[in-house]
Asks: 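I'd like to ask some things about the structure below.
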Protein chains: 2
Amino acid sequence: MALRYAIIIALEDKQATGYEITKWFDNGLGYFWHASHQQIYLELKKMTEEGLVTFVEIEQEGKPAKKIYQTTASGFAALDQWLQLPVKPMPVKDTLLMKIFAGSRMEPAILLAEVERHRTQNRQLLAEFHEIERCFQPVAEKPVKYQYAYLTLRNGITYLEGWLKWSDEVVSFLQLQEQSR
Amino acid sequence: MALRYAIIIALEDKQATGYEITKWFDNGLGYFWHASHQQIYLELKKMTEEGLVTFVEIEQEGKPAKKIYQTTASGFAALDQWLQLPVKPMPVKDTLLMKIFAGSRMEPAILLAEVERHRTQNRQLLAEFHEIERCFQPVAEKPVKYQYAYLTLRNGITYLEGWLKWSDEVVSFLQLQEQSR
DNA sequence: GACAGCATGTAAGAGGTTACATGATTGG
DNA sequence: CCAATCATGTAACCTCTTACATGCTGTC
């Protein structure tokens, strides 16, 4: 049920195609939700049937026709109702932690390589987030809406910083393990 | 596919019932995976059919019979093979962040109450983790296996610390919003 | 008397992934 | 020439949640 509200939020101030919503979830500001294009197209179809969104189809030369979606009044009403509901804590599912927990079954070098791979990815992501953060400055002068968005960006940044700090501990430990064979 | 490996890891050094595995995921050391009892019973059934685990049924007075599971050699082999595979990054799905992103649509007081609720929960969880952390001390003197487990606990602690630090920013901002009505 | 804990399960349905399918344009 | 970008979708399958079902014991 949350996906549809994520879509309505994505469509809040700009109309967009399913393709664009997918992009938005993948990179840019979608650091709080992810969905595949298949899922999004299906959900948009259902939402259209339920009157939460409408679309205009636009023919294009050399490209497939696109459907530009926008949220209806009923869609926004549904979002506002949903926003009032309490959030249940998301169940933890972390495959990397699972592997570290069972790490003594593996060769330290292999686990270390895996951790380093994630570190590189997360360092890159953090750099991107810092890049985006600069666009928000000075925050206090931006519209209130941007300030809320900024908080979610800050969440991404503090999360990644904490994760990278933690991963230092992991790397040190694994290097020790590797040395003592 | 990851659930079965989480179960094999849970059964690594002690045999257990489905009920106990569920408890283990819920509280205690299950801060890297969660699954409902329905899911676990079903998975254990499939795993038994595939020869990854076996069980002994024990009749009890006044309580329903229980099945004590343990991993087979083929189960451990499957785990060790899986551990070599690269981990794909878990897709982000954070409902609270979604609500904060759309926060300008809500009354600040309501969102603030929601955030405070999560803060209370996370503070409690952090206290529990700190409690468990003390049992690990001094880490260097514990068996290597415990040291790997300790790293995953450390992940939980640094995550929660970072989250709580971030939530301070959120609370300050929402209090300001509330004051300026 | 009601609720929590122990201990197992089935079944329906929602949510999500993977694979497949199409087809033109642009950049390396 | 291959890959990526734009742009849509279907179908099979796996995963996970929610609801239902049972039944005894011990505590408030």
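Per chain, numbering begins at 1; letters A, B, ... match sequence-line order.
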Asks: Would you kindly give the CD1-to-P distance between I40(A) and dG15(C), to the nearest whole Å?
Replies: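 Checked: the CD1 to P distance equals 15 Å.
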Asks: Which residue lies toward the 5' end of DNA chain C, W33(A) or G18(B), if each is placed at its nearest nucleotide?
Replies: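 Its nucleotide being nearer the 5' end, the pick is G18(B).
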Asks: Please determine if a side-chain N or O atom of K67(A) lies less than 4.0 Å away from the OP1 or OP2 oxygen of dG9(D).
Replies: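 Looking at the OP1 and OP2 atoms of dG9(D), one of them is under 4.0 Å from a side-chain N or O of K67(A).
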Asks: Less than 4.0 angstrom between a side-chain N/O of Q60(A) and OP1 or OP2 of dC6(D), yes or no?
Replies: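 Negative; the distance criterion is not met.
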Asks: From dA7(D), dC16(D), dC6(C), pick the nucleotide closest to the side chain of P64(A)?
Replies: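 It is dA7(D).
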Asks: Looking at the rings of Y31(A) and Y159(A), which for Trp means the six-membered one, are their centres under 6.0 Å apart?
Replies: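 Centroid distance Y31(A)-Y159(A): not below 6.0 Å, so no.
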Asks: State which of dG15(C), dT8(C), dT8(D) makes the closest approach to the side chain of H37(A).
Replies: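 Looking only at side-chain atoms, H37(A) lies closest to dT8(D).
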Asks: For a quick test of reading the model: is some side-chain N or O of K23(B) closer than 4.0 Å to OP1 or OP2 of dG5(C)?
Replies: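 Checking dG5(C) against K23(B), no side-chain N or O comes under 4.0 Å of OP1 or OP2.
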Asks: Take atom CE of M1(A) and atom C1' of dG16(C), then tell me their distance rounded to the nearest Å.
Replies: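 So the two atoms are 13 Å apart, to the nearest Å.
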Asks: Check every strand shown and say whether A2(A) touches a base, only sugar-phosphate, or nothing at a heavy-atom separation below 4.0 Å.
Replies: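 Result for A2(A) = nothing.
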Asks: Can you classify the ring geometry of Y69(B) versus F55(B) as parallel (below 30°), tilted (30 to 60°) or perpendicular (above 60°)?
Replies: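 Answer is tilted, since the angle falls between 30° and 60°.
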Asks: Would you name the heavy atoms of E57(B) and A65(B) that are closest together and state the gap between them?
Replies: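 Result for this residue pair: OE2-CB, 4.1 Å.
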Asks: Answer yes or no: does atom NZ of K14(A) have more than 12 heavy-atom neighbours from other residues, nucleotides or ligands under 6.0 Å?
Replies: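 Enclosed.
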Asks: If you find the nucleotide of DNA chain C closest to K63(B) and the one closest to P91(B), which residue's nucleotide is nearer the 5' end?
Replies: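 So the residue in question is K63(B).
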Asks: Expressed in angstrom and rounded to an integer, what is the separation of M47(B) atom CE from dG9(C) atom P?
Replies: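 From M47(B) CE to dG9(C) P: 14 Å.
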Asks: Any side-chain N or O of K88(B) below 4.0 angstrom from OP1/OP2 of dT18(C)?
Replies: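 So the side chain of K88(B) is within the cut-off, an N or O lying under 4.0 Å from OP1 or OP2 of dT18(C).
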Asks: Whether K93(B) contacts dG16(C) is assessed here as follows: a side-chain N or O lying under 4.0 Å from the phosphate OP1 or OP2. Is that the case?
Replies: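 Yes, within the criterion.
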Asks: Salt-bridged, K66(B) to E59(B), with N to O below 4.0 Å?
Replies: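 Salt bridge between K66(B) and E59(B), a charged N being under 4.0 Å from a carboxylate O: no.
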Asks: Select base, sugar-phosphate, or nothing to describe what S36(B) touches, counting heavy atoms under 4.0 Å on all strands.
Replies: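 Base contact - S36(B) has a heavy atom under 4.0 Å of at least one base atom.
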Asks: Closest approach to the side chain of Y19(B), judged atom by atom: which nucleotide of dT18(D), dG16(C), dG5(C) is it?
Replies: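 Within the option list, the nearest is dG5(C).
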Asks: In whole Å, what is the span from the NZ atom of K46(A) to the C1' atom of dG13(C)?
Replies: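 Computing the K46(A):NZ to dG13(C):C1' distance gives 11 Å.
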Asks: K66(B) NZ to dG5(C) C1': how many Å, rounded?
Replies: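 In whole Å, dG5(C) C1' lies 13 Å from K66(B) NZ.
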Asks: Please work out if A35(A) contacts a base, only the sugar-phosphate, or nothing of the nucleic acid, heavy-atom cut-off 4.0 Å.
Replies: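 A35(A): no heavy atom of the nucleic acid under 4.0 Å.
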Asks: Roughly how many Å is it from NE2 in H34(B) to P in dT17(D), rounded to a whole number?
Replies: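 Atom NE2 in H34(B) sits about 6 Å away from atom P in dT17(D).
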Asks: Would you indicate which nucleotide in dA19(D), dT17(C), dG5(C) comes nearest to any side-chain atom of Q38(B)?
Replies: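 So the side chain of Q38(B) is nearest to dA19(D).
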Asks: Take atom CG of L42(B) and atom P of dA19(D), then tell me their distance rounded to the nearest Å.
Replies: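 My rounded result for the distance is 18 Å.
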Asks: Any side-chain heavy-atom pair from V171(A) and R119(A) closer than 4.5 angstrom?
Replies: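 V171(A) vs R119(A): side chains touch.
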Asks: Given atom CE of M90(B) and atom P of dG16(C), what is their separation to the nearest angstrom?
Replies: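 The answer, rounded to whole Å, is 14 Å.
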Asks: Output yes when at least one side-chain N/O atom of Y41(A) is less than 4.0 Å from OP1 or OP2 of dG9(D), else no.
Replies: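 Answer no for this pair, as no side-chain N or O of Y41(A) is under 4.0 Å from OP1 or OP2.
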